[in-house]
Colleague: 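Below is one structure. I have some questions about it.
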Number of protein chains: 2
Amino acid sequence: MAGEATGKSVGKSGDLDFPRPLTTVDVVIFAIRDDSLQVLLVRRPAGEGEPFPESLALPGGFVDVAKDRDLAACAARKLREKTGVTSPYLEQLGSWGSATRDPRGWSATHAYFALIPEKAGELAADARWFLFSGGRLKEKLAFDHGEILATAIQRLRNKVEYTSLPAYLMPAEFTLPDLQRVYEIVLDRPLEKSAFRTRILSADMIEPVAKMRRGPNRPAQLYRLKKGREPVYFVRTFNPPE
Amino acid sequence: MAGEATGKSVGKSGDLDFPRPLTTVDVVIFAIRDDSLQVLLVRRPAGEGEPFPESLALPGGFVDVAKDRDLAACAARKLREKTGVTSPYLEQLGSWGSATRDPRGWSATHAYFALIPEKAGELAADARWFLFSGGRLKEKLAFDHGEILATAIQRLRNKVEYTSLPAYLMPAEFTLPDLQRVYEIVLDRPLEKSAFRTRILSADMIEPVAKMRRGPNRPAQLYRLKKGREPVYFVRTFNPPE
DNA sequence: ACAATAGTGTCTATGAGACAATATGGT
DNA sequence: ACCATATTGTCTCATAGACACTATTGT
């Protein structure tokens, strides 16, 4: 994987004296707020030499070779710094690298995506939640972050069709109608109550707690995620997405 | 994603004078040969200062900021250099980065995986095919390439359950029993003939050519992939993988 | 005719989709 | 009693799994 002659700029064996791309990590952080899917963005600084000054961007930054053990730790650190959340659902999304995506030079970013419950920790000063109107964000993002965000949403929607991922967007205790609502928000289409309940309950992913949610109508059973934090994969998608 | 203060080693805004990780790209190349799934590996050089001298490794190497437009182009170039194949199925697998995976320092690799037909182009001198015995490779690989390879196999097996990916492992013309055999090789379990045919034929991914494969028994219809090269996603997996 | 593999049909089980029916709280 | 929502049940449909049956070649 390394050490072979790949071009003029790479010298003889063992020689590491050639230009290296910039290496960054970015995190797409999703949460359900106000009955809709929202993403956490930061405002870029306005300093001299800064690319995309004052633009909106995904939270992220350079890998710190002194501080970060590995990429996942770097992503977890950035998530923690921005949201205070320490143990969320964090999955690698992919990487984007090219000569032109950053005006400062060849750069590659490792993108992660995180799902956190609404009322998690304290938000950083420069971070704000943004919602999608019609499945799209209104504002333009710095770098290729718009593309990365679009990929993240696509991946999330896709996986929600056949996995229990939305469970990671829920508070500690929730009802089945709550969970179904989150599925519907992410998929942006209604689901059948009966089929939904059958699927979730037979997946052995949640367990009832000895409490009910009371309201102006029939109370609903409260559930919590089972210990095994692994997401569940269903053998069918929800709808034949025609 | 960049430019914020992330630690002592990162200076003030716009300052890019801090240590950068090494950036590489590695490619996991699969093909069906001799009725089994095989992967292309290279022998690492023995020069002084080379990590893992003479070990087996995935084909790959440093990103060449002068030569490579982007990561995908870099992966395609490495695939072409090793196999002569120019338009295969090439998908990003993920990235691995840490302080310790390469003894030369903090490094991050962008891993891709490729599916190519058996009798594709000319193999590079240092490259050889290796097969899995019992789903595992016998030899140890350099760096964390064993882990990357395991992830690739897992991803391939997983996707074969509900996609048409094995079609990219086929020659230009093939029969349905041929294709079923490739599914079975990758999944390492037999599939039902009838359900298999129904699924594939209703997926509208292949079309018959006006030829039959003849043998010492009933001839089989030959098919080819339809133009639209996108993989097909089925709404169910093959077996409830209990 | 026979062997061998290609291709089709039949029957059952599972789970989704549609939608009706019932249950249980607040007011 | 009535409303609103939770929860369950019924019926139909599509497709996988199992497996039997038919088709078509070479020998």
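Each chain gets a letter, A, B and so on, in the order the sequences are listed, and its residues count up from 1.
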Colleague: Can you list everything that forms a side chain to side chain donor-acceptor pair (under 3.5 Å) with A/Q221? Sequence neighbours excluded, please.
Modeller: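 Scan of A/Q221 (side chain to side chain donor-acceptor pair (under 3.5 Å), adjacent residues dropped) gives none.
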Colleague: Has B/R199 got its NZ or CZ under 6.0 Å from the middle of the six-membered ring of B/F234, at an angle within 45 degrees of the ring axis?
Modeller: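 Geometry flag: set, cation within 6.0 Å and 45°.
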Colleague: Using whole Å, what does the distance between atom P of nucleotide C/dC19 and atom CD of A/E192 come to?
Modeller: 8 Å
Colleague: Tell me the interatomic distance from A/K211, atom NZ, to C/dG25, atom P, rounded to whole angstroms.
Modeller: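 It is 17 Å, rounded to the nearest whole Å.
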Colleague: Can you list everything that forms a side chain to side chain donor-acceptor pair (under 3.5 Å) with A/Q154? Sequence neighbours excluded, please.
Modeller: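 Side chain to side chain donor-acceptor pair (under 3.5 Å) list for A/Q154, sorted by chain: empty.
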Colleague: Check side-chain contact (heavy atoms from CB on, under 4.5 Å) between A/E192 and all other residues, then give those that pass, not counting sequence neighbours.
Modeller: A/A195
Colleague: In whole angstroms, how far is the C1' atom of C/dG7 from the CD atom of B/Q180?
Modeller: 11 Å
Colleague: Only counting residues at least two apart or in another chain, list the ones meeting salt bridge (charged side-chain N to carboxylate O under 4.0 Å, His left out) with B/D70.
Modeller: none
Colleague: Round to the nearest Å and state the distance from B/I206 atom CD1 to C/dG7 atom C1'.
Modeller: 13 Å
Colleague: Please identify each residue that fulfils ring-ring contact (aromatic ring centres under 6.0 Å, His included) with A/F52, with sequence neighbours left out.
Modeller: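 Scan of A/F52 (ring-ring contact (aromatic ring centres under 6.0 Å, His included), adjacent residues dropped) gives A/F143.
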Colleague: In whole Å, what is the span from the CD atom of A/E161 to the P atom of C/dA16?
Modeller: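 For the pair A/E161 CD and C/dA16 P, the rounded distance is 12 Å.
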Colleague: Rounded to the Å, how far apart are A/F234 CZ and C/dG15 C1'?
Modeller: 13 Å
Colleague: State which residues pass side chain to side chain donor-acceptor pair (under 3.5 Å) with A/T151; sequence neighbours excluded, sorted by chain then number.
Modeller: none
Colleague: Protein within reach of the bases, or only the backbone? For nucleotides 4-15 of chain D, mark each nucleotide 5' to 3' as B, S or -, using heavy atoms under 4.0 Å.
Modeller: BBBBBB----BB
Colleague: Identify, with sequence neighbours excluded, every residue that meets side chain to side chain donor-acceptor pair (under 3.5 Å) alongside B/R197.
Modeller: none
Colleague: Just the rounded figure in Å: distance from P of C/dA6 to CZ of B/F196.
Modeller: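 Rounded to whole Å, this separation is 12 Å.
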Colleague: For the helix from C/dA1-D/dT27 to C/dT27-D/dA1, figure out the bend between the end axes, five pairs an end, and round to 10 degrees.
Modeller: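 Rounded value for the end-axis angle: 10°.
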